[in-house]
Amino acid sequence: MELFKRVKIINFMEYSKWGLAASTLLVIACLGLIFFKGFNLGVDFAGGSVAQVRFVKNAPIAKIRHAFNEAHFSGVQVSAFGSEQEVVIKIPVGKVHKDLSTEITKILKPLGQFEIRKLDSVGPKVGDELKKKGVLSLVLAILAMMLYVGVRYEWRFALASVIALLHDSLITATSVIVFDIDLNLEVIAAILTLIGYSINDTIIIFDRIREGMLTKRTNDLDYVINEAISSTLTRTLLTSLTVFFVLLVLYVFGSKILVGFSLPMLIGTIVGTYSSIFIAPRVAVLLGFDLERYHGNELKKAKKKQEKERLRRQYEHGRV
Amino acid sequence: MQRVFNTRLLAFICALIFGVGFALPSFLQTKGPKITLGLDLRGGLSLLLGVGVEEALKTKYASIASSLDYAFKQQNILVQDLHSSLQGVSFTLLDKDDEKNVDKILEDLRKDGAEIFTTGNNYTLRLSFRKTQAYKQQTVVQVISTIKNRLDQFGLAEPTVLQQGKDAVLVQLPGINSIEEEQRAKNLITKSAHLQMMAVDEEKNEYLDSLTDEEIKKLGDVVLPYAGRGGQAYGHLLLKAIPILDGEMLTDAQVVYDKNNQPVVSFSLNSQGAKIFGDFSGENVGKRMAVVLDHKVYSAPYIRERIGGGSGQISGDFTVAQASDLAIALRSGVLSAPLVVLEKRIIGPSLGADSIKTSIVALIGGFILVMVFMISYYALAGVIASVALIVNLFLIIAVMAIFGATLTLPGMAGIVLTVGMAVDANIIINERIREGLRRNESIAQALHSGYANASRAIFDSNLTSLIASFLLYAYGTGSIKGFALTTGIGILASILTAIVGTQGFYQAILPQISRNKNLALWFGVQSQVSQRGRSGAV
């Protein structure tokens, strides 16, 4: 089977003007959502407790709410989780409940048989530390990737790939707000996965661009980029599809447990693929990447090397 | 042209044997290294405990103060206002003539890293900065070993006790399922089991109700509550602030039954403790001595005679389980710092089982989808890629099993990503080979140029991801670590299987492919002849 029998060069650089405009709007929308609506911080970051309780019969959500109010728990949120039997009870941080599992058992006992499937209690201090460490490791990872791409390619490419990366992570993170998922460690894992995936995709295309720049003696950068994206298009689509499939299976069969990971990642795969085609190369060009100058630099480098070689030989001759 | 077995293929076969060999124990529960499942996958209790290192330091100063008190009394040195705080120990010497003797007593402490400041007759003793830091670290280490000790004696399967950050300890207890078990384990772990013998201030105790906090402090006393029987506190007792002796001198603790057949905990002291205990009881016949555990008075019996032999009893309204837990706690040593539960996660066994089930279904389902897709698109080249993918998965599990790494839910996600990334390498290679074939290269040429061209891009992209994984592992916490670990191992494994291994395959079977020339069968492309016109990829 073949997707494209001949590599048809598509004018991606032309389309990417639209892509860039769309992305700008999307980023603004995302920032707006983050600032005006904000993330729903889960217990991992905000502190507090979450209990996942499964009843033998259907869970009486209204009664559960009432029971917690009666017991003077303030700000308790009760919501259905996946099935009719299962509920999630969120208890905000504040009053420290020494033995929450015992308390919950006491409160829910009159409402029927149940099982506490999961109970997480996180103190506010831990959430703070998690935030700090998470951000630190992310920033370091991104800087290191940028450095590597910068050394192997060019600083404009490095910057472009990181901008694409930020674009992808921003949109993916915001999708969590849209789908009303709590910002928890699973979401962080999804964003991490996306970062690995997105930079991969971008590098494959950049590598092809570099190859084109070195082998084809043309100063038409748009052509080189279009050619590079076109010839890697099959690969980009295939890989995205396989990753998408795996995630889709995870989403469909993973039920609610992994939804914080699979749903943002599904969005992330689409955005990551799109950005490496339409955003990253365009940004590299916008940053002032110039093929003529690049060739000039390469020529200078080659000349310098030759000159050095010549000098070295001369020197050796002189000594011999 | 090529031998059947080339180095690449051999490396791949070694990886296959290694991977399957070390991964199987994890699946079949046979002997050998097994992958450890994280609590999120098998259920249990996870506690993140903050260690109160400042409190430990306070206790340390208190114990220095109590040993100084003993030494001064023995040598009849009169001091005033001996007290300890987080800042150190201070006292005022009454008789200047004793200065030499005091110096002698302090000399040992100075050797131990204490700094001593004197202004006139006022002495202040403090641990040096370095010593303080070292003591804090030592406290955490001591807390960890004490917790381990207790859990061992409690008989729990495979507990994990790890230091996290500077002053926190992560305790993971798989297989804790009921609320009662959880309570009991938590109590056992966090009970500081700080046993002290304290003298009752008999003269002032009568007026306890009329004394203000200020006055009590001035007297060098403390007020401690009685341990409530059945949760009911009933009154307080005025005690000398400097304890007679400390739990550090304890050597053993056992559950015994008293004459009413009630369980009590009997303890023994080391020789130093026994001597202090004996001397004190000898000098204070007729007075009361309080048995204080974790700043609560358990009993305060009158001393009838000198108590030699260095053993005593703690009686409370214990159940047998409580008494035995207390004995374990005392035996395994005092927790030199109080613990605060910073984070508690309980995962029920049914949820853990569900998580495993869903992740395995997702992994296998995704895997099969990818394989079907690869084979239908690339034909036999897709089969080779799929084999590489399977070996890759085995390798990840094998490496994790050998290093005793823990597989968590985010780790599973990392494996899912690796499946995507590993297959990506083969897609890139296969696409490059097809390009070569379209340029009418011979199969050998196409294979060669395909791998040569693809390797660069794959190398770059894999190395970037690897750098990221490494940093995430080094600086991240908990689940970020688990994720970074599986992706890191996965990337390395995919270089071995998807790039080295598959190339070895092709090298070995190149003569067959060259002879047969059925490109549709091998690479899923039309044969070259039908593609006369050169494609766009110039």
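Heavy-atom basis, side chains included; hydrogens, waters and symmetry copies ignored. Order of the sequence lines sets the chain letters (A, B, ...), proteins ahead of strands, with each chain counted from 1.
When each of B:Leu472, B:Ile491, B:Leu45, B:Ile347 is checked for heavy-atom pairs under 4.5 Å with chain A, B:Leu472 comes out on top. With chain A as partner, the option from B:Val341, B:Asp424, B:Asn462 having the largest number of non-hydrogen pairs under 4.5 angstrom is B:Asp424. Interface check for chain A: of the options B:Ala168, B:Ser46, B:Ser465, B:Gly366, the most heavy-atom pairs under 4.5 Å are formed by B:Gly366. The residue among A:Thr215, A:Leu192, A:Val243 with the most heavy atom pairs within less than 4.5 Å of chain B is A:Leu192. Counting heavy-atom pairs closer than 4.5 Å to chain B, the top residue among A:Glu115, A:Arg152, A:Met265 is A:Arg152. For the options B:Asp40, B:Ile428, B:Val361, heavy-atom pairs under 4.5 Å to chain A are most numerous at B:Ile428.
In this structure, the side chains of B:Arg345 and A:Leu119 stay at 4.5 Å or more apart for every pair of heavy atoms. Contact annotation: the side chain of B:Leu369 never approaches that of A:Phe244 to less than 4.5 Å [non-hydrogen atoms, C-beta and beyond]. For the pair A:Ser231/B:Glu435, a side-chain contact is recorded, criterion being any heavy-atom separation below 4.5 Å from C-beta on. Side-chain contact between B:Ile346 and A:Lys118 is absent, with no heavy atoms from C-beta onward closer than 4.5 Å.
Each of A:Thr242, A:Thr239, A:Leu238 was compared with B:Val423 under the side-chain contact (heavy atoms from CB on, under 4.5 Å) criterion, and only A:Thr242 meets it.
In this structure, the side chain to side chain contact (heavy atoms under 4.5 Å, CB included) partners of A:Thr232, at least two apart in sequence or on a different chain, are A:Ile204, A:Ile205, A:Arg208, A:Thr236.
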Pairs under 3.5 angstrom only: tabulate donor-acceptor contacts from the side chains of residues 136-149 of chain A to other protein residues two or more places apart or in another chain.
{"unit_1": "A:Ser137", "atom_1": "OG", "unit_2": "A:Lys133", "atom_2": "O", "d": "3.2"}
{"unit_1": "A:Ser137", "atom_1": "OG", "unit_2": "A:Gly134", "atom_2": "O", "d": "2.9"}
{"unit_1": "A:Tyr148", "atom_1": "OH", "unit_2": "B:Asp460", "atom_2": "OD1", "d": "2.9"}

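With a threshold of 4.5 angstrom between heavy atoms, A:Ser49 does not approach chain B through any atom at all. For A:Ile188, the part lying under 4.5 angstrom from a heavy atom of chain B is the side chain only. Contacts of B:Ile467 with chain A are made by side-chain atoms alone, with heavy-atom separations under 4.5 Å and no backbone atom involved. Looking at B:Ile368, there are no atoms closer than 4.5 Å to chain A (heavy atoms on both sides), in backbone or side chain.
Here the OG-CD1 distance, from A:Ser240 to B:Ile427, works out to 9.0 Å after rounding to the nearest 0.5 Å. Distance check: A:Ile116 CD1 to B:Leu351 CG gives 12.5 Å after rounding to the nearest 0.5 Å.
Using a 4.0 Å cut-off between charged nitrogen and carboxylate oxygen, A:Arg117 and B:Asp354 count as a salt-bridge pair. The existence of a salt bridge linking B:Lys344 and A:Asp120 is excluded, since no basic side-chain nitrogen approaches an acidic carboxylate oxygen closer than 4.0 Å.
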Pair B:Val372-A:Phe245, side chain to side chain contact (heavy atoms under 4.5 Å, CB included): steps then yes or no: CA-CA 11 Å; B:Val372 167; A:Phe245 279 156; over 6 Å; no
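In plain terms, the two heavy atoms of B:Ser461 and A:Asn200 that are nearest each other are CB-OD1, 2.8 Å.
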